[in-house]
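Worksheet for the structure shown next.
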Amino acid sequence: MQGNVIDYRGSGGNSYIFNDRSKVSLQVSPFYYIQVETIDGHRGADLSYEAHPIPNAIGEKSGDVFRRGKTLTFSGKIYGRGMSEIDSGAYFLQQMLAEKTIRKLVFIPWAYGIQLYYNCRPYQDLVVVESFDSNVFRYSFTFGLRADDPRTYKLSDNSLFPTWQE
């Protein structure tokens with residue numbers, strides 16, 4: 001997911017695109033660039049276990065293991081030509097996370113080169129760390145998304161991909 005364009009699709013045809021390398025030069029409107037540096041939670045799912053206490057003893061007896069949802073945490077930087085452009089990038093991310101309905105998070109894995117998606121919604125609100133280094137215009141950010149279904153689907157036909165996921 002990291003390194004490619006990521007599209008968080010909103011309702012009514014709104015798409016929020018970040019990690020778009022065509023914007024790196026900062027010479028093209030909107031004059032800011034949102035770079036994802038780390039993604040946590042992409043490769044696995046949250047697990048839960050059925051567990052029963054052992055009567056009159058210490059411990060428990062575990063049963064079935066279930067894959068639950070998936071929590072994705074994104075961290076990165078907002079770059080801009082100046083302070084007003086960085087603020088615009090922060091407001092862009094705020095607007096993206098304002099809608100709390102389930103939306104598609106579309107990405108292209110390097111290994112397959114096809115568009116995949118998770119259905120997810122904001123889980124952790126946007127955190128922007130505003131700092132200033134001389135002549136380096138950037139803010140750090142973090143936000144979280146939650147996918148109730150941890151599996152990935154192909155955007156082209158909504159089929160499960162890879163097919164071995166259960």
Side-chain angles (χ1 to χ4, degrees), residues 1-21 33-79 89-131 138-166:
M1 182 183 297
Q2 187 175 358
N4 279 325
V5 173
I6 300 171
D7 180 1
Y8 191 47
R9 298 191 175 184
S11 63
N14 291 337
S15 276
Y16 299 94
I17 296 173
F18 48 102
N19 244 26
D20 182 358
R21 299 248 183 256
Y33 173 63
I34 299 172
Q35 177 183 356
V36 174
E37 295 178 337
T38 62
I39 303 169
D40 183 23
H42 172 54
R43 298 288 176 188
D46 299 341
L47 299 177
S48 67
Y49 294 84
E50 175 186 10
H52 304 279
I54 301 171
N56 303 316
I58 296 173
E60 63 186 18
K61 177 71 175 157
S62 61
D64 294 332
V65 179
F66 300 99
R67 292 192 186 281
R68 298 298 181 195
K70 176 187 297 266
T71 302
L72 301 158
T73 305
F74 293 80
S75 295
K77 296 215 174 9
I78 305 167
Y79 295 92
Y91 283 119
F92 172 84
L93 287 176
Q94 280 182 291
Q95 180 182 358
M96 179 183 89
L97 297 169
E99 186 180 329
K100 304 300 184 213
T101 58
I102 292 178
R103 301 185 294 176
K104 290 181 180 176
L105 178 71
V106 180
F107 62 97
I108 302 171
W110 291 103
Y112 301 108
I114 60 174
Q115 290 184 311
L116 302 178
Y117 72 91
Y118 295 113
N119 285 315
C120 50
R121 71 178 87 213
Y123 178 72
Q124 172 195 348
D125 215 355
L126 177 66
V127 175
V128 175
V129 179
E130 297 184 14
S131 60
R138 69 173 175 243
Y139 287 166
S140 299
F141 71 86
T142 302
F143 65 87
L145 301 176
R146 176 79 181 162
D148 294 339
D149 181 350
R151 299 173 293 183
T152 52
Y153 294 89
K154 289 195 310 189
L155 188 63
S156 60
D157 62 3
N158 298 318
S159 64
L160 196 60
F161 185 87
T163 56
W164 50 261
Q165 297 180 101
E166 293 181 14

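Note that the coordinates shown come from a computational prediction; the quantities given were computed from them, not determined experimentally. Hydrogens, waters and symmetry mates play no part in the numbers below; they use all other heavy atoms, side chains included.
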Hey, is the main chain of Val36 close enough, under 3.5 Å, to the side chain of Asn19 for a donor-acceptor pair?
yes

Any sub-3.5 Å donor-acceptor pair from Lys70's side-chain atoms to Gly44's backbone N or O?
yes

Pairs involving residues 89-99, ordered by first then second residue, that meet side-chain hydrogen bond (donor to acceptor under 3.5 Å, both in side chains) (sequence neighbours left out)
Ser11-Glu99, Glu99-Thr101

Listing, residues 49-62 side-chain donor-acceptor contacts under 3.5 Å, not counting sequence neighbours, or none:
from	atom 1	to	atom 2	distance (Å)
Glu50	OE1	Asp64	N	3.4
Glu50	OE2	His52	NE2	2.9

So His42 and Phe107, would you call those rings parallel, tilted or perpendicular, with 30° and 60° as cut-offs?
perpendicular

Is the Phe143 ring parallel, tilted or perpendicular to the Phe18 ring (thresholds 30°, 60°)?
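Ring orientation of Phe143 relative to Phe18: perpendicular.
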
Can you give me the closest heavy-atom contact between Tyr118 and Ala147, atom names plus distance?
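Taking every non-hydrogen atom into account, CB-CB, 4.3 Å.
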
Heavy-atom closest contact (Asn158 atom, Tyr153 atom, distance):
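Reported closest heavy-atom pair: O-CD2, 3.5 Å.
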
Can you tell me if Tyr117 and Asp7 form a side-chain donor-acceptor pair at under 3.5 Å?
no

Apply the test side chain to side chain contact (heavy atoms under 4.5 Å, CB included) to residues Ile108 and Val5: give CA-CA distance (whole Å), side-chain angles for both, the deciding distance (0.1 Å), then the verdict.
CA-CA 7 Å; Ile108 302 171; Val5 173; over 6 Å; no

Which residues pass the salt bridge (Lys or Arg N to Asp or Glu O under 4.0 Å) test with [X], not counting sequence neighbours?
X      : result
Arg68  : none
Asp148 : Arg121
Asp20  : none

Drop me the distance from [X]'s [atom1] to [Y]'s [atom2], to the nearest 0.5 angstrom.
X      : Y      : atom1 : atom2 : answer
Leu47  : Arg67  : CG    : CZ    : 5.5 Å
Asp149 : Asn119 : CG    : CG    : 7.5 Å
Tyr8   : Ser15  : OH    : OG    : 11.5 Å
Leu72  : Leu105 : CG    : CG    : 6.5 Å
Glu37  : Phe141 : CD    : CZ    : 7.5 Å
Thr152 : Tyr112 : OG1   : OH    : 9.0 Å

Would you sort out whether Thr38 and Asp40 count as a side chain to side chain contact (heavy atoms under 4.5 Å, CB included), showing the intermediate values?
CA-CA 7 Å; Thr38 62; Asp40 183 23; over 6 Å; no

Flag side-chain contact, heavy atom, 4.5 Å: [X] against [Y]:
X      : Y      : result
Leu116 : Pro109 : yes
Lys77  : Ser140 : yes
Ile78  : Phe92  : no

So Leu145 and Tyr123, side chain to side chain contact (heavy atoms under 4.5 Å, CB included) or not? Walk me through it.
CA-CA 5 Å; Leu145 301 176; Tyr123 178 72; 5.6 Å; no

Check against side chain to side chain contact (heavy atoms under 4.5 Å, CB included), Ile34 and Met96
CA-CA 12 Å; Ile34 299 172; Met96 179 183 89; over 6 Å; no

Non-neighbouring partners of Lys154 that pass side chain to side chain donor-acceptor pair (under 3.5 Å), sequence neighbours left out:
none

